[in-house]
Every structure is written in C-alpha cells, then in structure tokens.
2 protein chains.
Amino acid sequence: MREARLLAGIPQDKLGVAIGLDEGTASARISRYETGAHAPPYDVANKLARILRVPVAYFYCEDDDLAGVIEAWGRASAAQRRSIEVFVERAVRGEDG
Amino acid sequence: MREARLLAGIPQDKLGVAIGLDEGTASARISRYETGAHAPPYDVANKLARILRVPVAYFYCEDDDLAGVIEAWGRASAAQRRSIEVFVERAVRGEDG
DNA sequence: CAACTAAGGCTAACTTAGTAC
DNA sequence: GTACTAAGTTAGCCTTAGTTG
C-alpha cells in the first residue's frame with residue numbers, strides 16, 4: 001500500500017483527506033495502515049484503492065508476483081483484460097486440478 | 001468465499017474447525033463471513049484461503065473477472081505463473097498510463 | 001512538512017444459545 | 001446434518017495528543 005501511495009506521490013495526510021478522513025486523524029490512520037499496526041475496514045481499503053488506482057485486492061496480496069498481475073490488471077483496458085482472461089484460463093486449464 | 005467452500009465440498013462448521021476455530025463457534029462465524037454480516041481478521045482470511053486452495057486476495061475481489069484470474073493463479077504451477085506474468089506485463093505495457 | 005506512536009473511548013467482531021429447513 | 005440469527009461480552013480500531021527528523 002505504501003508502494004502505491006509513493007508511486008502516486010501523495011503524502012499520508014493528503015491521502016487520508018482524499019478518502020474522506022478528518023484532517024486531524026488522517027496522518028495517524030494512514031500511518032497505522034501502512035505499518036500494519038491496524039487493519040482498515042474494507043470500505044476504507046476500497047476508497048484508498050480508488051485514489052491510488054489499484055484494485056482493492058492488491059492490498060491483500062502477500063505474493064509479490066500476483067500483486068504485479070493485479071496491479072497491471074488495474075491499468076488494463078477492457079479489451080486487454082479480456083485478452084488476459086483468455087490467456088490465463090488457457091494456460092492453467094486441465095492442469096493441477 | 002461461499003463459492004470456494006462449496007467447490008471444496010466442505011460444510012461451514014467443518015471449514016471453521018479446519019482453520020482452528022472452536023467447534024461451538026465455527027458454524028456461526030463462517031456464516032457471518034459468507035453473508036457479509038462480519039468481516040474476518042486477515043489472519044483468519046489467510047487460513048481460510050489455505051484450506052480452500054485460493055489466494056487470499058480472492059476474498060477481497062469484487063470484480064468477478066479479476067477474481068477468476070486470481071483463482072486460476074492459485075491453481076497454476078510456477079512455470080505457468082511466470083508465463084502469465086510475462087503475458088500480462090506485455091499486454092498492458094505502455095498503455096493507459 | 002512528513003511520518004510515527006501511546007492511551008482511552010467506542011465500534012465491530014466473537015461467544016453463547018437457540019431457530020428453521 | 002446444515003445454515004442462520006439475537007444479545008451480551010470482549011477485542012481491536014479511531015481519536016487525541018505528542019515526538020522525531
């Protein structure tokens with residue numbers, strides 16, 4: 001999550017205000033989320049994802065490789081997404097399951 | 001999440017016990033998670049994902065198309081994953097951002 | 001300006017007990 | 001056997017206030 005924020009070039013307090021948090025609390029809350037001290041409600045995670053332009057699933061992904069795929073999905077057009085779906089289904093079909 | 005559980009053919013209480021919940025509470029807790037009444041802690045979601053054989057990010061994905069990609073990723077071999085990564089990066093590179 | 005932390009209030013999850021199919 | 005819900009308790013998030021570079 002911090003990675004996505006730094007990529008967007010937004011400080012913690014600005015990000016918090018952007019999703020509707022109070023100015024006085026924004027910095028502390030975003031800090032907790034990034035350090036892992038607290039977990040945000042899903043609704044908050046969703047708003048953060050919108051501002052940072054990534055699918056919300058990106059925040060819940062420990063696998064860096066899968067995270068990269070999810071992030072790319074977020075930047076993909078509808079046609080690109082369809083193409084990715086087809087490729088993935090073909091690549092995995094009939095194996096290991 | 002219910003979808004993944006039914007696919008695995010496990011009842012709610014059995015699933016709960018499988019991740020370490022008490023027998024008396026397992027059914028009620030899993031029920032709340034599936035109906036959306038309560039949100040599980042990330043640690044619990046992680047254990048559920050392991051038993052149900054899906055990446056944990058799958059539970060936090062509202063986009064059904066992306067969910068399908070994530071689920072397929074969970075079933076993919078290391079080589080297949082690498083191939084997916086390469087395809088996705090190529091498909092999205094330089095567009096829309 | 002930007003990021004982090006401690007402590008107390010308050011919200012949401014957890015447990016218990018019970019119902020419906 | 002399987003799935004869901006109500007009410008009281010408890011754990012964890014949110015707010016305030018303050019510290020560091």
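These numbers come from a predicted model, not from an experiment. Within every chain, numbering begins at 1; the chains are lettered A, B, ... in the order of the sequence lines, protein sequences first and strands thereafter.
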Pairing annotation in dot-bracket form, given for DNA chain C with Watson-Crick or G-U pairs under 3.5 Å and | for cross-strand partners: |||||||||||||||||||||
For atom OH of B/Tyr33 and atom C1' of D/dC4, their distance in whole Å: 15 Å
Residue list, salt bridge (charged side-chain N to carboxylate O under 4.0 Å, His left out) with B/Asp65, at least two apart or on another chain: none
Minimum-distance pair of heavy atoms, taken over all atoms of A/Cys61 and B/Ala57: CB-CB, 4.2 Å
Within-4.5 Å side-chain heavy-atom neighbours: B/Val69 and B/Val88: no
Sequence neighbours excluded, every pair satisfying ring pair (Phe, Tyr, Trp, His ring centres under 6.0 Å) that has a member inside residues 42-74 of chain B: A/Tyr60-B/Tyr60
Non-hydrogen atoms of A/Glu89 and B/Ala72 that approach each other most closely: OE2-CB, 4.1 Å
For A/Glu71, side chain to side chain donor-acceptor pair (under 3.5 Å) partners two or more places apart: none
With sequence neighbours excluded, residues passing side chain to side chain donor-acceptor pair (under 3.5 Å) with B/Arg82: none
Residues 14-32 of chain A, side-chain donor-acceptor partners within the protein, below 3.5 Å, at least two apart:
unit_1  : atom_1 : unit_2  : atom_2 : d
A/Asp22 : OD2    : A/Gly24 : N      : 2.9
A/Thr25 : OG1    : A/Asp22 : O      : 3.3
A/Arg29 : NE     : A/Tyr33 : OH     : 3.2
A/Arg29 : NH2    : A/Tyr33 : OH     : 3.2

Under the side chain to side chain donor-acceptor pair (under 3.5 Å) test, residues paired with B/Arg81 that sit two or more places apart: none
Rounded distance (nearest 0.5 Å) linking atom CE of A/Met1 with atom CG of A/Leu48: 4.5 Å
When you compare the protein's N or O atoms with those of nucleotides 19-21 of chain C, which come within less than 3.5 Å of each other, and at what distance?
none

Atom-to-atom span, CG of A/Asp22 to C1' of D/dA17 - whole angstrom: 14 Å
Counterpart residues, salt bridge (charged side-chain N to carboxylate O under 4.0 Å, His left out), relative to A/Arg53 (two or more places apart): none
Sugar-phosphate only, base, or nothing, as touched by A/Pro40 at under 4.0 Å among non-hydrogen atoms: nothing
Reported CD-to-CG distance for the pair A/Glu3 and A/Leu7, which is rounded to 0.5 angstrom: 7.5 Å
Phosphate OP1/OP2 of C/dC14: any B/Thr25 side-chain N/O under 4.0 Å: no
Distance test, side-chain N/O of A/Tyr42 to OP1/OP2 of C/dA12, below 4.0 Å: no
DNA chain C contacts among residues 43-61 of chain A, heavy-atom distance under 4.0 Å: none
Straight-line distance of A/Leu6 CG to A/Glu34 CD, nearest 0.5 Å: 7.0 Å
Close side-chain approach of B/Val56 and B/Arg50, heavy atoms under 4.5 Å: no
From A/Gln80 atom CD to A/Glu85 atom CD, the distance as rounded to the nearest 0.5 Å: 13.0 Å
A/Ile19 CD1 to D/dC14 C1', straight-line distance once rounded to whole Å: 13 Å
B/Thr35 versus B/Arg2, closest heavy-atom pair with distance: CG2-NH2, 4.4 Å
Polar pairs (N or O, both sides) under 3.5 Å between protein and nucleotides 19-21 of chain D?
none

Per-nucleotide protein contact string for nucleotides 3-10 of chain C, where B marks a base within reach and S marks sugar-phosphate only (heavy atoms under 4.0 Å, - for neither): BBBBB---
